[in-house]
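Note sheet for the following structure.
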Amino acid sequence: MQVIKHINDLRKILSGKREEGLIIGFVPTMGALHQGHISLVEKAGQETDYVVVSIFVNPTQFNDKGDLERYPRDLQKDVDLLAPTACQLIFNPEADEIYPEPDTRQFDFGMLEQVMEGKFRPGHFNGVAQVVSRLFDIVQPDKAFFGQKDFQQLAIINEMVRKLKLPVEIIPCPIIREADGLAMSSRNMLLNPGQRQNSVLISATLSEATNKTTELNVEELRSWVINRINKNEYLNTEYFEIVNELTFQPVMNWNDPCMKVGCIAVQCGKTRLIDNIEFKN
Ligand code: AMP
């Protein structure tokens with residue numbers, strides 16, 4: 001497994017692999033890796049011949065400077081974690097390699113970016129689209145792997161690929177959870193023991209909510225989830241929405257024939273946690 005910092009070196013290696021006829025798989029990450037990331041790498045290993053993982057904390061997707069500064073970074077630990085996996089190359093560029101000049105591109109994702117993460121983190125998805133389109137251009141993968149943990153991000157990436165007609169297949173991968181149910185996240189390591197213990201209430205409440213659809217209507221269930229979480233002194237819900245999985249518009253009625261997903265963002269001290277769960281009819 002190689003660690004490459006420069007685009008030119010990466011391109012040379014990858015064009016060689018392409019000439020050998022290998023299918024290139026790509027997993028973009030911001031590092032501070034955990035088993036959620038590793039599950040994407042293993043899936044890429046099953047579906048492609050040569051797996052590239054990028055580790056790059058992208059400044060343009062952070063609307064909160066403090067969040068960017070606090071974001072955990074440990075390259076050596078990431079390298080050690082990836083060594084026994086299907087990953088064959090780590091791309092770990094500096095910011096000026098990705099952005100030799102400021103990226104001024106403005107993407108328009110319409111309604112998709114006006115709700116939930118888009119609404120509460122203005123500019124976040126524009127930054128995500130900037131970095132992922134740039135990374136796709138550099139790596140030119142056949143398939144790229146994204147986690148459903150970031151459910152709205154996955155929809156944004158699909159829309160970007162459709163709009164720009166990029167020749168890459170996007171493969172969604174399921175959420176990986178800790179033993180107690182908390183969705184794995186690089187940010188979990190920022191939680192103190194009390195916060196960590198109480199944060200389990202997020203996934204536990206979502207899971208319980210899926211059993212309450214005969215008892216409560218959509219609006220009642222939304223309130224039930226928010227109240228249950230906010231009663232905990234460590235947690236403060238930023239939003240909980242039950243939306244149509246394709247349009248991301250709020251679901252009004254359990255009888256709506258669409259696929260429904262409940263998406264939540266919760267502030268736990270200074271750390272912001274997100275999770276989601278599917279509501280089956
Ligand atoms: P990040 O490093 O947070 O930008 O995440 C990189 C990729 O890993 C994204 O596609 C995430 O959706 C995915 N990912 C992060 N956490 C998880 C998880 N718990 N389960 C599955 N995928 C995840």
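Counting starts at 1 for both ligands and their atoms, following the listed order.
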- Task: Let me know which of Asn188, Thr271, Asp180 forms a side-chain hydrogen bond (donor to acceptor under 3.5 Å, both in side chains) with Arg196.
- Result: Asp180
- Of the backbone atoms (N, CA, C, O) and the side-chain heavy atoms from C-beta on, which set of Pro174 has a member under 4.0 Å from an atom of ligand 1: side chain, backbone, both, or neither?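 It is the backbone that touches ligand 1; the side chain stays farther off.
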Is the closest side-chain heavy-atom distance between [X] and [Y] below 4.5 Å?
X	Y	value
Ile274	Cys263	no
Phe120	Asn63	no
Val168	Phe26	no

Under 4.0 Å from a heavy atom of [X]: give me the atoms of ligand 1 that qualify, with their elements.
X	value
Ile175	20 (N), 21 (C)
Thr29	2 (O), 6 (C)
Asp150	11 (C), 12 (O)
Phe146	10 (O)

- Message: Taking NZ in Lys212 as the centre, count heavy atoms belonging to other residues, nucleotides or ligands within less than 6.0 Å. Is the count above 12?
- Response: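 Count over threshold, so yes.
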- Message: Looking at Lys5, I'd like to know if its NZ atom is crowded, meaning that more than 12 non-hydrogen atoms belonging to other residues, nucleotides or ligands lie closer than 6.0 Å.
- Response: yes
Starting from [atom], find the nearest protein heavy-atom neighbour and note its residue, name and distance.
atom	value
atom 4 (O) of ligand 1	Met30 CG, 3.6 Å
atom 5 (O) of ligand 1	His37 NE2, 3.5 Å
atom 3 (O) of ligand 1	Tyr71 OH, 3.8 Å
atom 20 (N) of ligand 1	Ile176 N, 2.9 Å
atom 10 (O) of ligand 1	Gly147 N, 2.9 Å

Check whether any N or O atom of [X], backbone or side chain, sits under 3.5 Å from an N or O atom of ligand 1, and answer yes or no.
X	result
Lys149	no
Met184	yes
Gln148	no
Leu40	no
Cys173	no

- Message: Against ligand 1, does His34 come closer than 4.0 Å with any heavy atom?
- Response: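 It does; at least one heavy atom falls under 4.0 Å.
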- Query: Is the shortest distance from a heavy atom of Pro28 to ligand 1 less than 4.0 Å?
  - Reply: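 So Pro28 counts as touching ligand 1.
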- Query: Should the pair Lys270-Asp64 be classified as a salt bridge under the 4.0 Å nitrogen-to-oxygen rule?
  - Reply: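 Asp64 and Lys270: not salt-bridged.
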- Going by an N to O cut-off under 4.0 Å, is there a salt bridge joining Asp275 and Arg177?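 A salt bridge is present here (some side-chain N lies under 4.0 Å from a carboxylate O).
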- Verify salt bridge (charged side-chain N to carboxylate O under 4.0 Å, His left out) between Glu117 and Arg272, making sure each step is shown before the conclusion. CA-CA 11 Å; Glu117 290 302 282; Arg272 190 172 177 280; 2.8 Å; yes
- Query: Is there a donor in the side chain of Tyr99 and an acceptor in the side chain of Asn58, or the other way round, less than 3.5 Å apart?
  - Reply: yes
- Task: Step by step, work out the salt bridge (charged side-chain N to carboxylate O under 4.0 Å, His left out) result for Asp49 and Lys17.
- Result: CA-CA 9 Å; Asp49 305 316; Lys17 300 298 167 192; over 6 Å; no
